[in-house]
Amino acid sequence: MARKFIQWQKPAIVISLVFLVFTQTVKAQSSNCSIRVSLLTCSPGDELYSTFGHSALRIIDSSRNLDVVYNYGTFNFDEENFYMKFTRGKLQYFVSADYFNSFVYSYQLENRSITEQLLNLDCEEKQRLVAYLDWNMLPANRYYKYDFTFDNCTTRLRDLIDTVTKEQVVYQAVMSKPITFRNAIHDYLNRNNKSWSKLGIDILLGSRLDRTMTNKEAGFLPDNLMLAFDSATINGAPLVADKEIILKNKYVPVVSDNVSNPLFIFSCLFVLIAFLSFSHRPGIEKVLKSLDGMFFFINGLLGIILIFMWVGTDHFMTKANYNLLWAWPTNIVAAFYVHSRNSKARIYFLVFALAQLLLLGLWFFLPQELNMALIPVNGILIFRSLLTYIAKKRLHGGIKIQK
């Protein structure tokens, strides 16, 4: 839910200095409650990083003519070893700030709406909030380890409000029925026709994503936090004093494209390979022979990546991944023996094929929801594995059983 993958630049440092002066002035004006605090909820965008929307906190001090927005979804793209840190879940996110007009303008360019909820906090709570933001903007306190589901730009704001309020904020249920983290994410991906992103997420994120969310955990999504604030109360009074759409996007419906859907493409590929497997033309046999090695090598490489994401990273949701039932790391070696005369290699592919047939039977009963587009992929691996086993001599793409 990052607003954008942006770089911390010199102008932002100037803004930070302004905020320091601002917050010190606020502390000196304890009797003058000229501060307004509101939650900004931004609608999803077209890019994957913006698919789930964004949340930010707006602070206004009318006595000082200041209007700023705090954002916990930023990081430095130019950080050393950026991609490795991002992959291993060790990339540090940080709180940044921007002038409100600049914030709105950036979303206007992206044709995204912004909804504002004015929070019903007393003067002391507002000052406590601003003092915390002042402390949090210091270089030593700005950074934190981002987690998509449990510690992100949205959950940080919810926890901040819970911390500064004197009375406990009481939240009502925002889910009409139990829903898992995965299904909540799927809802956004389906609405934006991101079937390939959905496939990638379903492969990389393990069974922990299939746990039903609690009411509080559902607030990791900006829209859910906005709904939670709408019905929340503090000391018997509504948490939200006023609500307004300050920027309305021009809605453009996303047209579903079934032709480019991975399920359709992989199904067509399965039918094509199954049909060509019975051909005896040398050219086709040569192509299929190359494809066999490539399929099993990619399958094994993917299995190694999944193990790395499980044991070699700090990502919580990449653990306990049942996709390893079809992506065997050993296939990265077996790929070089896919047409071998070696009897042990033939037995290996028989075991793999039988295991995948069993997996298909259990597909909808596993603790983890596997993507439907992987079924035809699994079908290709099963089909070619069985052909490898039944052949008495090296297969050259098509079925040739020597007597």
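Computation of the quantities below employed the complete heavy-atom set of this structure, encompassing side-chain atoms and omitting hydrogens, waters and symmetry-equivalent molecules.
At least one donor-acceptor pair closer than 3.5 Å links the side chain of R158 to the backbone N or O of K216. Under the 3.5 Å distance criterion, the side-chain polar atoms of N331 are left unmatched by any main-chain donor or acceptor of A334. No donor-acceptor pair closer than 3.5 Å links the side chain of Y107 to the backbone N or O of S43. With hydrogens and angles ignored, the 3.5 Å screen pairs a side-chain donor or acceptor of T74 with a backbone N or O of F94. Between the side chain of S50 and the backbone N or O of P44, no donor-acceptor pair lies under 3.5 Å. Panel note: side chain N224, backbone A218; a donor-acceptor pair is recorded below 3.5 Å. When atom types are taken as modelled, the side chain of T214 and the backbone of E217 share a donor-acceptor pair closer than 3.5 angstrom. Of the possible polar contacts, none joining the W326 side chain to the I375 backbone as a donor-acceptor pair under 3.5 Å is found. Looking at R142, its side chain never comes within 3.5 Å of a backbone N or O of S96 through a donor-acceptor pair. When atom types are taken as modelled, the side chain of T51 and the backbone of E47 share a donor-acceptor pair closer than 3.5 angstrom.
Here NZ of K90 is found 10.5 Å from NZ of K85. Values are rounded to the nearest 0.5 Å. Rounding to the nearest 0.5 Å places CD1 of I203 at 11.5 Å from CG of L324. For the atom pair CG of L374 and CD1 of I380, the computed distance is 11.0 Å after rounding to the nearest 0.5 Å. A distance of 5.0 Å separates CD1 in I60 from CZ in R36, rounded to the nearest 0.5 Å. Atom CZ of residue R112 and atom CG of residue L247 lie 10.5 Å apart, to the nearest 0.5 angstrom. To the nearest 0.5 angstrom, N371 atom CG is 9.0 Å from F266 atom CZ.
Annotation for Y144: atom OH counts as buried by contact number, over 12 foreign heavy atoms lying within 6.0 Å. Residue-environment remark: CE (M175) exceeds the threshold of 12 foreign heavy atoms within 6.0 Å. More than 12 heavy atoms of other shown residues, nucleotides or ligands fall within 6.0 angstrom of atom CG in N342. Around CG of D46, the count of heavy atoms belonging to other residues, nucleotides or ligands within 6.0 Å does not exceed 12.
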Quiz item: Which is it for L366 and L370 under the side-chain contact (heavy atoms from CB on, under 4.5 Å) test, yes or no, and what are the steps along the way?
Solution: CA-CA 8 Å; L366 297 172; L370 302 184; 3.7 Å; yes
Exercise. Starting from the C-alpha separation in whole Å, work towards a yes-or-no answer on side-chain contact (heavy atoms from CB on, under 4.5 Å) for L119 and F229.
Key: CA-CA 9 Å; L119 302 186; F229 273 30; 3.7 Å; yes
Exercise. Verify side-chain contact (heavy atoms from CB on, under 4.5 Å) between V130 and I59, making sure each step is shown before the conclusion.
Key: CA-CA 8 Å; V130 172; I59 306 293; 4.0 Å; yes
Exercise. Take D98 and Y105 through the side-chain hydrogen bond (donor to acceptor under 3.5 Å, both in side chains) test and state the conclusion after the steps.
Key: CA-CA 11 Å; D98 197 3; Y105 180 68; over 6 Å; no
Exercise. Run the numbers on E116 and K243 for salt bridge (charged side-chain N to carboxylate O under 4.0 Å, His left out), then give the verdict.
Key: CA-CA 6 Å; E116 181 177 29; K243 185 176 182 179; over 6 Å; no
Quiz item: How far apart are the C-alpha atoms of D202 and K198, what are their side-chain angles, what is the distance that settles it, and do they pass the salt bridge (charged side-chain N to carboxylate O under 4.0 Å, His left out) test?
Solution: CA-CA 6 Å; D202 282 347; K198 178 180 175 181; 5.6 Å; no
Practice problem: Report the C-alpha distance between T115 and E244 in whole Å, list the side-chain angles of each, state the deciding distance to 0.1 Å, and finish with yes or no for side-chain contact (heavy atoms from CB on, under 4.5 Å). | Solution: CA-CA 6 Å; T115 301; E244 178 186 4; over 6 Å; no
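Geometrically, R384 does not engage F295 in a cation-pi contact, judged by NZ or CZ lying under 6.0 Å from the ring centre and within 45° of the ring axis. Note that R208 lies in the cation-pi zone of F316, set by a 6.0 Å cut-off to the ring centre and a 45° limit from the axis. Relative to the ring axis of Y70, R58 does not place its NZ or CZ within 45° and under 6.0 Å from the centre.
Taking all atoms of both residues into account, the shortest heavy-atom contact from N215 to A173 is OD1-CA, 3.0 Å. The nearest pair of heavy atoms linking C153 to H54 is SG-ND1, 3.4 Å. The heavy-atom pair separating L225 from G219 by the smallest distance is CB-O, 3.9 Å. When all heavy atoms of Y322 and P367 are compared, the closest pair comes out as OH-CG, 3.4 Å. In terms of heavy-atom proximity, I382 sits nearest to Q356 at CG1-CB, 3.3 Å. The two residues A335 and G293 have their closest heavy-atom pair at CB-O, 3.4 Å.
Note: Y348 and F352 have parallel aromatic rings, judged against thresholds of 30 and 60 degrees for the angle between ring planes. Between Y188 and F52, the two ring planes are tilted [angle within 30° to 60°]. In this pair, F148 and F220 present their aromatic rings perpendicular. The plane angle is above 60°, beyond the 30 to 60° band.
In this structure, R128 pairs ionically with E124, as a charged nitrogen and a carboxylate oxygen lie closer than 4.0 Å. With salt bridges taken as basic N to acidic carboxylate O contacts below 4.0 Å, none links E125 and K166. Taking the charged nitrogens against the carboxylate oxygens, K145 and D151 have no contact shorter than 4.0 Å, which rules out a salt bridge. Note on K126 versus D122: no salt bridge recorded, every NZ/NE/NH1/NH2 to OD/OE distance being 4.0 Å or above.
Side chain to side chain, Y93 and N152 fail the donor-acceptor criterion of an N or O pair below 3.5 Å. For the residue pair Y171 and D162, a side-chain donor N or O sits within less than 3.5 Å of a side-chain acceptor on the partner. Side-chain contact check for T180 and D210: no donor-acceptor pair (N or O, by modelled atom type) lies under 3.5 Å. Side chains of D147 and H315: a donor-acceptor N/O pair is absent below 3.5 angstrom, by distance only.
Counting heavy atoms from C-beta outward, L239 and N120 have side chains that stay 4.5 Å or more apart. With contacts defined as side-chain heavy-atom distances shorter than 4.5 Å, the pair L306/W310 does not qualify.
Taking the six-membered ring for Trp and the full ring otherwise, the centers of W328 and F349 sit at least 6.0 Å from each other.
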